[in-house]
K.L.:
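First the structure, then my questions, so here it is.
For clarity, every value in this text was computed on a predicted model and none was experimentally measured. Counting starts at 1 for both ligands and their atoms, in listed order.
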Amino acid sequence: MAEYVKSEEIFKEFKEHSISEFFRKNSQMLGYSGKTRSMTTIIHEYITNSLDACEEAGILPEIDVTIKLIEEGKYSISVKDNGPGIPSKLVGKVFATVLAGTKFHRYVQQRGQQGIGASGCTLFSKITTGKPITIRSSNEKESYECNVDLEIKTNKPLITNMKKIEEMTRGTEVFGEFGELKYEKSDHGVEEYIKRTVLSNPHATIKLNDPDGKEIVFLRAVNEMPKKPKEIKPHPLGVDTNDLIEFAHRSHEKTVSDFLIESFSRVSQGKIAEIKAVAPDILFDIEPSKLQWSDAEKLVKVFKQIKWMAPELDSLSTIGEKQIEIAMKNILNPKFQSVVERKPKVFRGGIPFVVEAGISYGGDSGKKSNEVDKDGNVIEAEGNVLRFANKVPLLFDGSNCAITEAVKGIQWKRYGIGRFDEEPVSVLINVSSVYVPYSGVGKQAIAKEDDIIEEIKLAVMDCGRILQRYLSGVKNMQLQETRYKTIMRYIKQLSNDLSEITETDQKEIEASLKTLIEKRYSKLFGQNDNKPDEEIENKSEEEQEEKLED
Ligand SMILES: Nc1ncnc2c1ncn2[C@@H]1O[C@H](COP(=O)(O)OP(=O)(O)OP(=O)(O)O)[C@@H](O)[C@H]1O
Ligand SMILES: [Mg+2]
């Protein structure tokens, strides 16, 4: 009989790990893979935190980023903002406890969601240099400086050298040293990331001091804060059993009925009565912390059987059509562009989101990236899909993203584009939501939810129709130009023949013919008084051909 290894033997190695230990081993999940990407990830985490903090406090953001080379692969990075500051008693948790923050349980559109970003940076600093990070922060009550270290085994912060400081104005400054990094000037680098951030957040000023000692200032274009996103309650159709149990167990309400009314939007006493009528055996009068999985499961099922008012849709804040036009002009310098903002929709039955889209044609649109990764493979061309989520540029993991999937799924031929990957065309998409379903903790790609993909497609198709009209106009112009040149080539011969037949002066005939033809093709010379051409423009391609033959 075969000898099996005893379970006692196998389970000798059984151990518990902290979440920090998990991410130490899997730092690529947080976006720390590849030196350039790791650099951009750190900047992205700190900048999104500063923007969120300023937005919540109603402050126009001023952010200073300084990156210095220490030795090959090793850099010091500092990010300073003019936000509300961080209370000293929470600074350890903010920067050195993975899964701690103010945003995780809330339904409000913010750039951060998970409570991982800041502590992920501390973890990366620790595993690549062994050093803690330094924080200086000032709020209305205190100004202090300290070092924050992350104890990986326990996922707990270790604060040292805490001292009061006098000279600091309100805000937070993070300083750290990081290894395994590279500062690169590319489509995936820090400068491009900051440029796109300011274009999608025109109320922010960001200064970058790069490792060459150059100061690049991205000044704010508007002096008003964007509309503050409204915090909403989750809609009953947007939760699963797990969510419901979690919400219930955190609730301080007296009964399950009160918990449902207080915690969800659109749940009233009337709706509770409706739910009770469908599932009378659910225990509605117990404390929510005692809600069992089986009852939660039943509740989620009943939620789907009754009629609800749609979720509140004014919880969303967009980049705005005008600003998207400015952003595309700045990044791609196109000959033509069209932008649309769709109406808010919901996914998973109850989570509101809104899609904005722009298409640009010509200029730098559709330019391929010529960067190669560490194995020498060309990095997937993202030049023609500019992705944003909650106004944050997404520069990596394009192939895992709902945006890329939707754009690639468009029948581009319908809109006058033969091959999307090869023509000078780019698409910009921003998806805004109180909860963006990212496909990984690194938050660089949006999960391929059907409702989101569908809505992105509709937005691109809206823009595509406008592009198609432009392209057929261009084609029509080219056709006319060819015809004009062909006719002009025969004008001498024709006027000679006519002069012989009619015994009129050849020069006179040539001049009259020229005037006639130029009038007929006046659009080519920038005059718009040519009726026949307008008629042609509104017709199909075949009809245009026929008309021009006449
Ligand atoms: N510059 C800052 N000013 C004020 N508060 C900050 C700042 N940076 C971080 N915080 C606070 O620290 C918390 C933790 O930040 P962290 O980046 O780890 O998580 P998050 O932003 O909530 O979510 P995500 O992991 O998606 O980024 C934030 O929720 C916020 O409350
Ligand atoms: Mg964050």
K.L.:
Does any N, O or S atom in N49 come within less than 2.8 Å of the Mg ion (ligand 2)?
P.N.:
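So N49 counts as coordinating the Mg ion (ligand 2), yes.
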K.L.:
For ligand 1, is there an N or O atom under 3.5 Å from any N or O atom of P84?
P.N.:
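So ligand 1 has no N or O lying under 3.5 Å from an N or O of P84.
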K.L.:
Between S119 and L99, which heavy-atom pair has the shortest distance, and what is it?
P.N.:
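Result for this residue pair: OG-N, 4.5 Å.
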K.L.:
Taking only heavy atoms of G112, which atoms of ligand 1 are found under 4.0 Å from at least one of them?
P.N.:
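Ligand 1 atoms under the 4.0 Å threshold to G112: 21 (O), 23 (O), 24 (P), 26 (O), 27 (O).
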K.L.:
For a quick test of reading the model, state the closest non-hydrogen atom pair linking M162 to I159 and the distance between them.
P.N.:
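Distance-wise, the nearest heavy atoms are CE-CG2, 4.2 Å.
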K.L.:
Within the 3.5 Å criterion, strictly below it, is a donor on N82 or E62 matched to an acceptor on the partner's side chain?
P.N.:
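Short answer, no.
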K.L.:
Any idea which part of I86 is under 4.0 Å from ligand 1, heavy-atom wise: side chain, backbone, both or neither?
P.N.:
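Only the side chain of I86 comes within reach of ligand 1.
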K.L.:
Between S137 and ligand 1, which residue portion shows a heavy-atom distance shorter than 4.0 Å: side chain, backbone, both, or neither?
P.N.:
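Contact part for S137 vs ligand 1: neither.
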K.L.:
List ligand 1 atoms under 4.0 Å from A100, heavy atoms only on the residue side.
P.N.:
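Atoms satisfying the 4.0 Å criterion: 14 (C).
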K.L.:
Applying side chain to side chain donor-acceptor pair (under 3.5 Å) between R111 and each of T48, D52, N49, report the one that passes.
P.N.:
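Result for side chain to side chain donor-acceptor pair (under 3.5 Å) with R111: D52.
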K.L.:
If you take the nearest heavy atom of each of I63, V94, L30, which one is closest to atom 12 (O) of ligand 1?
P.N.:
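It is V94 whose heavy atom sits nearest to atom 12 (O) of ligand 1.
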K.L.:
Which one holds for A118 and ligand 1: side chain close, backbone close, both close, or neither close, with close meaning a heavy atom under 4.0 Å?
P.N.:
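Both backbone and side chain of A118 come within 4.0 Å of ligand 1.
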K.L.:
As a quick check of understanding, evaluate side chain to side chain donor-acceptor pair (under 3.5 Å) for R196 and N201, giving each step before the final call.
P.N.:
CA-CA 8 Å; R196 291 190 192 186; N201 295 272; over 6 Å; no
K.L.:
Identify which one of K391, Q110, K230 satisfies the side chain to side chain donor-acceptor pair (under 3.5 Å) criterion when paired with S317.
P.N.:
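The residue from K391, Q110, K230 that satisfies side chain to side chain donor-acceptor pair (under 3.5 Å) with S317 turns out to be K391.
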K.L.:
Looking only at heavy atoms, is any part of K443 under 4.0 Å from ligand 1, and if so is it the side chain, the backbone, or both, or is it neither?
P.N.:
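It is the side chain that gets close, since no backbone atom is under 4.0 Å.
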K.L.:
If the contact criterion is a heavy-atom separation under 4.0 Å, does C54 count as touching ligand 1?
P.N.:
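False for this residue.
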K.L.:
For ligand 1, which atoms, with element, lie under 4.0 Å from some heavy atom of E45?
P.N.:
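Result: 27 (O).
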K.L.:
Between V460 and V427, is there a side-chain heavy-atom distance shorter than 4.5 Å?
P.N.:
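The answer is yes, as the side chains (C-beta and beyond) meet within the 4.5 Å cut-off.
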K.L.:
Check this for me - ligand 1, Q114, N or O atoms closer than 3.5 angstrom, yes or no?
P.N.:
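Checking ligand 1 against Q114, an N or O pair does fall under 3.5 Å apart.
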K.L.:
Does the Q337 side chain pair with the main chain of G358, one donor and one acceptor, at a distance under 3.5 Å?
P.N.:
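Flag not set: sc Q337 to bb G358 has no pair under 3.5 Å.
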K.L.:
My understanding is that only one of V346, I351, I452 makes a side chain to side chain contact (heavy atoms under 4.5 Å, CB included) with S433; could you say which?
P.N.:
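Running side chain to side chain contact (heavy atoms under 4.5 Å, CB included) over V346, I351, I452 with S433 returns exactly one hit, I351.
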K.L.:
Ligand 1 versus R111, non-hydrogen atoms closer than 4.0 Å: side chain, backbone, both, neither?
P.N.:
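The answer is neither; R111 stays 4.0 Å or more away.
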K.L.:
Counting from 1, what ligand 1 atoms have a heavy atom of G115 closer than 4.0 Å?
P.N.:
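Going through ligand 1 atom by atom, the ones under 4.0 Å from G115 are 18 (O), 19 (O), 20 (P), 22 (O), 23 (O), 24 (P), 25 (O).
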K.L.:
Taking the basic N atoms (NZ, or NE/NH1/NH2) and the acidic carboxylate oxygens, is any pair closer than 4.0 Å for E151 and K153?
P.N.:
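K153 and E151: not salt-bridged.
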K.L.:
Count the heavy atoms belonging to other residues, nucleotides or ligands that lie under 6.0 Å from CD of E321, then report whether that count exceeds 12.
P.N.:
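Above 12, so yes.
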K.L.:
Starting from atom 30 (C) of ligand 1, find the nearest protein heavy-atom neighbour and note its residue, name and distance.
P.N.:
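Here the nearest protein heavy atom works out to T102 OG1, 3.5 Å.
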K.L.:
What are the atoms of ligand 1, with element, lying closer than 4.0 Å to any heavy atom of G117?
P.N.:
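Listed by number with element: 16 (P), 17 (O), 18 (O), 24 (P), 25 (O), 27 (O).
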K.L.:
Determine whether the side chain, the backbone, both or neither of D52 has a heavy atom under 4.0 Å from any heavy atom of ligand 1.
P.N.:
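It is neither part, as no heavy atom is under 4.0 Å.
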